[in-house]
Q: 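Pasting a structure here, questions to come.
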Amino acid sequence: MLRDRIRFKPLLDKLVSAEEAAAYIQDGMTVGMSGFTRAGEAKAVPLALAERAKTHPLKITLMTGASLGNDLDKTLAEAHVLARRIPFQSDPGLRKAINAGEVMFIDQHLSETVEQLRTQQIKPVDIAIIEAVAITETGGIVPTTSVGNSASFAILADKVIIEINISQPASLEGLHDIYIPSRRPTRMPIPIVTPESRVGLPFIPIPPEKIIAIVVSEKQDSSSTILPPDAETNAIAGHLSDFLLNEVKQGRLGYELQPLQAGIGTIANAVLHGFIDTPFHDLKMYSEVLQDSTFELIDSGKMTFASGSSITLSAEMYKKVLPRLSEYKHHLLLRPQEISNHPEVIRRLGLICINTALEFDIYGNVNSTHVGGTHMMNGIGGSGDFARNAFMSIFVTKSIAKNGAISSVVPMVSHVDHTEHDTDILVTEVGLADLRGLAPRERAAVIIANCVDKDYRDPLQDYYDRAVKRGGHTPHVLEEALSWHVNLREKGTMRPA
Ligand code: COA
């Protein structure tokens with residue numbers, strides 16, 4: 001069995017325990033680890049490292065593709081192993097350590113990390129730890145349920161530790177397409193012309209002598225934490241599909257739309273799920289995370305192909321999909337995240353990008369990351385890669401949060417991730433604002449009329465009317481612009497008295 005998974009036989013001599021492998025990691029090192037949105041992370045070695053740190057404290061910089069499952073970020077943060085964390089996380093425990101200033105978190109566009117590594121703009125990776133389903137006859141690494149940054153970590157690191165996960169189905173082999181852009185200044189265009197384009201290898205090519213240790217693990221990926229669709233997310237999906245249907249009617253789109261990208265989380269998943277009950281057909285995805293909704297659309301016959309960088313599913317969907325992976329294979333492809341999120345490819349394919357905002361303002365600036373302007377939620381992830389380069393950039397959110405104590409539409413966002421120049425369409429359960437071709441004053445009118453909860457509409461209109469009296473291209477009452485956030489901090493609600 002193990003011989004089928006480790007097919008380059010000399011590497012069988014490298015089998016060690018997780019504790020022995022973790023011993024290679026020293027204080028001050030930069031570790032590049034597999035893992036993207038709770039999928040395909042190395043599991044045994046980081047846990048052994050956290051255990052060791054209890055008696056032998058050490059600090060590392062941890063880079064991954066994106067967030068980790070199996071409570072790894074929490075466990076590593078609680079063991080005080082993390083000095084720096086790059087480029088994304090979504091764990092409440094690590095979030096606490098970041099917001100307390102204990103862990104330095106570099107919140108980065110997901111397409112950028114390995115470009116900066118490759119050009120030595122950030123500290124190099126000392127050791128890569130990659131979860132694999134197999135090692136090929138030539139020593140190539142076959143990743144599991146995510147590719148993320150694993151390929152470049154393994155290629156750029158001096159030393160590589162492999163976790164062969166025997167609980168991950170062998171049928172994952174063949175799902176991956178590993179393409180690494182060539183060096184500048186002679187870089188060639190990335191030859192992806194449709195979401196299905198296969199342009200690389202089905203494994204990560206590295207010299208096998210770089211592999212210093214192999215650990216066998218059986219721990220499964222954590223299932224996703226998304227909630228099922230509710231009345232508000234159904235309403236958001238309804239507004240969006242009505243809008244897209246009108247685009248078809250106007251002749252600007254066909255029923256197959258443009259390839260879709262959908263962000264992480266409950267809302268984006270629910271919105272995509274809503275496409276099942278629409279007349280759209282032959283849909284394709286060129287996205288980052290393939291969530292439950294992708295498989296529901298494939299099962300319903302609505303979607304023909306999905307390209308992503310990871311597969312992150314609910315427990316129920318895992319049970320359904322993993323045993324039938326071979327059947328799904330001709331509908332799916334997993335790429336490195338710098339390719340799934342590459343500006344060049346996003347522009348070429350002309351993606352309709354749907355991401356979630358925490359809040360947006362009357363001019364269409366979006367905050368996806370900072371609660372109250374100061375406290376990190378998860379990170380920008382790929383939303384910036386997609387929004388700035390999209391054919392159509394859509395942001396969705398519920399109009400209120402925390403039982404109405406928070407309005408998600410505010411006079412001025414308390415942190416900017418996506419500027420007004422990167423947002424075309426905003427949708428809440430109240431309605432949809434089409435901002436294309438509109439100047440700031442026109443945008444404000446459309447956003448206030450269509451997206452705001454009834455309790456906040458009049459106060460927002462009043463703010464805007466007073467701002468307009470002061471003049472300007474983008475009118476504001478500056479001393480009041482963040483007063484809703486100040487109210488929230490001081491009184492626990494943005495709601496006007
Ligand atoms: N201010 C403060 N908190 C807010 C808020 C606001 N304006 N709007 C929502 N929230 C809170 C919710 O109450 C909820 O809190 P809880 O976890 O305590 O229940 C939490 O934020 C998540 O909101 P939810 O409505 O469940 O949405 P979600 O699961 O779809 O997540 C984001 C929304 C914005 C946090 C998430 O999409 C994200 O991290 N995005 C940034 C990264 C990204 O876009 N990646 C995609 C690229 S592929």
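As the structure lists them, so they are numbered: ligands from 1, and atoms in each ligand from 1. Here, residue 1 is the first one in the sequence, and each next residue gets the next number.
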Q: Provide the number and element of each atom of ligand 1 under 4.0 Å from a heavy atom of I380.
A: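 Those atoms are 42 (C), 43 (C), 45 (N).
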
Q: Suppose we measure from atom 23 (O) of ligand 1 to each protein heavy atom; which comes out shortest, and what is that distance?
A: M377 CE, 5.0 Å

Q: Salt-bridged, E296 to K302, with N to O below 4.0 Å?
A: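 Result for this pair is no, no salt bridge flagged.
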
Q: Identify, by atom number and element, the atoms of ligand 1 in contact range of S383, meaning under 4.0 Å from any of its heavy atoms.
A: 43 (C), 44 (O), 47 (C)

Q: Could you check whether H476 and Y363 have their ring centres less than 6.0 Å apart?
A: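 Close enough - the centres of the two rings lie under 6.0 Å apart.
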
Q: Any idea which atoms of ligand 1 are less than 4.0 Å away from a heavy-atom of G382?
A: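 Within the 4.0 Å cut-off of G382, ligand 1 contributes 47 (C).
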
Q: With atom 7 (N) of ligand 1 as the reference point, say which of L358, V410, V413 has the nearest heavy atom.
A: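 The residue whose heavy atom sits nearest atom 7 (N) of ligand 1 is L358.
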
Q: May I ask you to check whether F395 and F360 place their ring centers less than 6.0 Å from one another?
A: no

Q: Go through ligand 1 atom by atom and flag the ones less than 4.0 Å from a non-hydrogen atom of G265.
A: 29 (O), 30 (O)

Q: Could you check which of S368, G379, G263 puts a non-hydrogen atom nearest to atom 42 (C) of ligand 1?
A: G379

Q: Under 4.0 Å and counting heavy atoms only, is there anything from the protein next to atom 17 (O) of ligand 1?
A: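 Given the 4.0 Å limit, the answer for atom 17 (O) of ligand 1 is no, no protein heavy atom qualifies.
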
Q: Are the charged groups of E429 and K398 less than 4.0 angstrom apart, N to O?
A: no

Q: Please determine, by modelled atom types, if N487 and H485 share a side-chain donor-acceptor pair under 3.5 angstrom.
A: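 Checked: N487/H485 side chains show no N/O donor-acceptor pair below 3.5 Å.
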
Q: Take a 6.0 Å sphere around CD of E316 and say whether it holds more than 12 heavy atoms from other residues, nucleotides or ligands.
A: no

Q: Select the closest option to atom 35 (C) of ligand 1 among N378, T37, N355, judged by heavy-atom distance.
A: N378

Q: So, applying side chain to side chain contact (heavy atoms under 4.5 Å, CB included) with L117, which one of M63, E112, K123 is it?
A: M63

Q: Is the shortest side-chain N to carboxylate O distance from R388 to D422 below 4.0 Å?
A: yes

Q: Report the nearest protein non-hydrogen atom to atom 29 (O) of ligand 1: residue, atom name, distance rounded to 0.1 Å.
A: T266 N, 3.3 Å

Q: Specify the protein heavy atom at minimum distance from atom 45 (N) of ligand 1: its residue, its atom name, and the distance to 0.1 Å.
A: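 Looking only at protein heavy atoms, the one closest to atom 45 (N) of ligand 1 is I264 CG1, 3.6 Å.
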
Q: I need the contact type for T356 against ligand 1. Using non-hydrogen atoms and a strict under-4.0 Å cut-off, is it side chain, backbone, both or neither?
A: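 Both backbone and side chain.
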
Q: What atoms of ligand 1 come within less than 4.0 Å of a heavy atom belonging to I406?
A: 1 (N), 2 (C), 6 (C), 7 (N)

Q: Please write down residue, atom name and distance for the protein heavy atom closest to atom 25 (O) of ligand 1.
A: I267 CD1, 3.6 Å

Q: Can you list the residues that meet the side chain to side chain contact (heavy atoms under 4.5 Å, CB included) rule with S241, with sequence neighbours excluded?
A: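 Once residues adjacent in sequence are excluded, the partners of S241 under the side chain to side chain contact (heavy atoms under 4.5 Å, CB included) criterion are T278, F280.
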
Q: Could you tell me the residue and atom name of the protein heavy atom closest to atom 48 (S) of ligand 1, and the distance to it rounded to 0.1 Å?
A: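 Sorting protein heavy atoms by distance from atom 48 (S) of ligand 1 puts E288 OE1, 2.9 Å first.
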
Q: As an exercise, identify every atom of ligand 1 less than 4.0 angstrom from a heavy atom of V371.
A: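 Close to V371: 2 (C).
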
Q: Would you mind finding which of S399, A405, A401 brings a heavy atom closest to atom 9 (C) of ligand 1?
A: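 Minimum heavy-atom distance to atom 9 (C) of ligand 1 goes to A401.
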
Q: Considering Q261, K402, H375, Q337 one by one, which has a heavy atom nearer to atom 13 (O) of ligand 1 than any of the others?
A: K402

